[in-house]
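Nothing fancy with the numbering, it's 1 onward along the sequence. Order of listing sets the numbers, starting from 1, for every ligand and every atom in it.
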Amino acid sequence: MPLDSYGRSIHYLRISLTDKCNLRCVYCMPEEMLFRPTSDLMTLDEMLRLVRLFVELGIDKIRLTGGEPTVHPDLVPLVRGVRELGVHRISMTTNGLRLARLAPPLKEAGLERVNVSIDTLQPEHFHRITRWGTLDDVMDGLYAAEAVGLTPIKINAVIVRGYNEADVAGLAALTLTHHWQVRYIEMMPFGEVAKFAQDAVVSQAEIMQHIADELGPLQLIDNGRLDGEAKLYRLKGSLAPIGFISTVTNPFCASCSRVRLTADGHLRLCLLRDDEGDLLTPLRAGASDAEVREMIRGLIWRKPWGHGLPDGIIPLERVMSQIGG
Ligand code: SAM
């Protein structure tokens, strides 16, 4: 497995298939968004070649994300191709809108599980946050994913002041009736929406208080040992944990094992820093497998230790949908 200069072994790759999305969440992208031309983005063959090189280096866990991965026409063949390269741990983060139709072929192609992003169970609140799409379609997608066994399902929720604080407990209550882990992701500032995200962030303490007030105390699981990037808690009598991913206020940089491949073929070393290396241009210019592998190894070595937010460094080059959440 490739190591960075701090001795962290990197074995987890997140791939953003596209910067396009069929929603416009207020904290993620502006409503009028300029997308990259398709010719700037990796083709299916280019993605699979890069995945093969990452796998040869020791990557054994892959998450497909975006933008919205389900709007990419080659999603199912990509999953099949990644599976054929010997990767078993393939997951996807999706807004769920197109999952009702895609869950069966994705399962058949080899997808292991999904994270579905849902910030509220109230249709009007949903529409205010996402601007487009309907909650019913997302819920249909969620049940379809469960029915075909894309499990364990995790639900990602971002709480935005003035939009969905009132929905915190309703989301947490899902863990009382379903085997769905509900994870609250702290809002992070990026690019054009950085100011909005900073002004509207709701702290983990406040979210926990909402839950405790309405549903009772949260019990810490496993003495607070991180499950991936999430600290897990449980409500009494629940079927699934509740997670908190507080990247800004409670960073997990010491145990970070991931890098990100953006849709335009850049290797992004830290979600919250703009350091990247372009792999697609050399690939298209005819670099050999060995040369590209060396580039990947060299970039991973340069992975920074922590994010720069404590020093006031806000990543401004890209918004989340262009990085791959
Ligand atoms: N479109 C897919 C989805 O909605 O899940 C995948 C991409 S989306 C960028 C991945 C995750 O990032 C979502 O759960 C979304 O809520 C989260 N996200 C987007 N912008 C964010 C921000 N500024 N801070 C924290 N999380 C954010």
Side-chain angles (χ1 to χ4, degrees), residues 14-31 33 35 62-72 75 91-99 102 106 111 113-120 125-126 129-133 135 137-138 141-142 145 150 153-161 163-164 167 171 180-204 207 228-230 243-252 258 260-263 268 271-272 307 309 314-325:
R14 294 195 177 196
I15 306 173
S16 173
L17 273 59
T18 173
D19 56 346
K20 298 181 188 62
C21 189
N22 44 1
L23 294 181
R24 289 289 180 280
C25 299
V26 284
Y27 50 79
C28 189
M29 60 163 100
E31 191 155 19
M33 182 81 183
F35 295 107
I62 290 187
R63 173 173 297 277
L64 305 177
T65 177
E68 173 50 40
T70 61
V71 303
H72 196 287
L75 172 63
S91 60
M92 177 174 78
T93 303
T94 173
N95 60 34
L97 279 178
R98 307 191 70 204
L99 207 48
L102 280 168
L106 283 169
L111 189 69
R113 44 170 304 275
V114 287
N115 284 26
V116 181
S117 302
I118 305 180
D119 301 329
T120 170
H125 294 184
F126 179 89
I129 294 176
T130 61
R131 298 193 275 223
W132 299 357
L135 182 59
D137 288 338
V138 177
L142 188 59
L150 290 172
I153 287 175
K154 295 180 183 171
I155 292 181
N156 289 352
V158 175
I159 305 303
V160 190
R161 189 166 307 286
Y163 286 77
N164 62 342
D167 305 317
L171 289 164
W180 303 337
Q181 184 184 129
V182 174
R183 298 140 62 98
Y184 297 90
I185 305 179
E186 187 172 71
M187 196 155 44
M188 294 169 275
F190 293 97
E192 289 174 57
V193 289
K195 169 106 183 59
F196 174 89
Q198 279 187 314
D199 293 347
V201 73
V202 179
S203 70
Q204 177 177 332
I207 294 172
E229 64 273 56
F244 290 88
I245 304 178
S246 304
T247 315
V248 180
T249 54
N250 194 6
F252 46 90
R258 73 197 62 179
R260 292 176 158 81
L261 189 57
T262 62
R268 181 149 177 131
L271 175 63
L272 285 159
H307 64 66
L309 293 179
I314 292 179
L316 293 174
E317 294 293 317
R318 297 177 188 264
V319 290
M320 186 75 145
S321 62
Q322 297 164 321
I323 302 167

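Annotation: Met188 places an N or O atom under 3.5 Å from an N or O atom of ligand 1; distance criterion only. Any N or O atom pair closer than 3.5 Å counts here, and Asp119 shares no such pair with ligand 1. Any N or O atom pair closer than 3.5 Å counts here, and Thr65 shares no such pair with ligand 1. The distance criterion of under 3.5 Å between nitrogen or oxygen atoms is not met by Ser321 with respect to ligand 1.
A donor and an acceptor atom, one from each side chain of Arg63 and Thr93, are located under 3.5 Å apart. Counted by atom type alone, Thr120 and Asp167 present one or more donor-acceptor pairs between their side chains at under 3.5 Å. For Glu68 and Thr18, the side-chain atoms include no donor-acceptor pair closer than 3.5 Å. Side-chain contact check for Gln204 and Ser246: at least one donor-acceptor pair (N or O, by modelled atom type) lies under 3.5 Å.
Looking only at protein heavy atoms, the nearest one to atom 21 (C) of ligand 1 is Tyr27 CD1, 3.6 Å. Annotation: atom 27 (C) of ligand 1 to nearest protein heavy atom, Met320 CE, 3.7 Å. In this structure, atom 2 (C) of ligand 1 lies nearest to the protein heavy atom Glu68 OE1, 3.2 Å.
Atoms of ligand 1 lying under 4.0 Å from any heavy atom of Met187, numbered from 1 in the order shown and given with element: 24 (N), 25 (C). In summary, the atoms of ligand 1 found under 4.0 Å from a heavy atom of Asn156, numbered by their order in the structure, are 14 (O). Of all atoms in ligand 1, listed by their number and element, those nearer than 4.0 Å to a heavy atom of Gly66 are 7 (C), 9 (C). Listed by number with element, the atoms of ligand 1 under 4.0 Å from a non-hydrogen atom of Val158 are 16 (O), 26 (N).
Remark: Glu229 engages Arg14 in a salt bridge, criterion side-chain N to carboxylate O under 4.0 Å.
The distance from the CD atom of Gln181 to the CG atom of Asn156 is 9.0 Å, given to the nearest 0.5 Å.
Side-chain contact between Leu17 and Thr65 is absent, with no heavy-atom pair separated by less than 4.5 Å. You'll find the side chain of Asp119 stays beyond 4.5 Å of the side chain of Phe126, heavy atoms only.
Remark: among candidates Gly67, Ser117, Ala157, the nearest residue to atom 6 (C) of ligand 1 is Gly67, based on non-hydrogen atoms.
Not a single heavy atom of Met29 sits less than 4.0 Å from an atom of ligand 1.
Contacts between Thr93 and ligand 1 below 4.0 angstrom, taking non-hydrogen atoms only, involve backbone and side chain alike. The proximity of Asn95 to ligand 1, defined as any non-hydrogen pair under 4.0 Å, involves the side chain as well as the backbone. Neither the backbone nor the side chain of Val319 comes within contact range of ligand 1; no heavy atom lies under 4.0 Å.
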Query raised in the report: Can Thr70 and Leu75 be said to form a side-chain contact (heavy atoms from CB on, under 4.5 Å), step by step?
Result: CA-CA 7 Å; Thr70 61; Leu75 172 63; 4.0 Å; yes

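The shortest non-hydrogen separation linking Val202 to Val160 is CG2-C, 4.1 Å.
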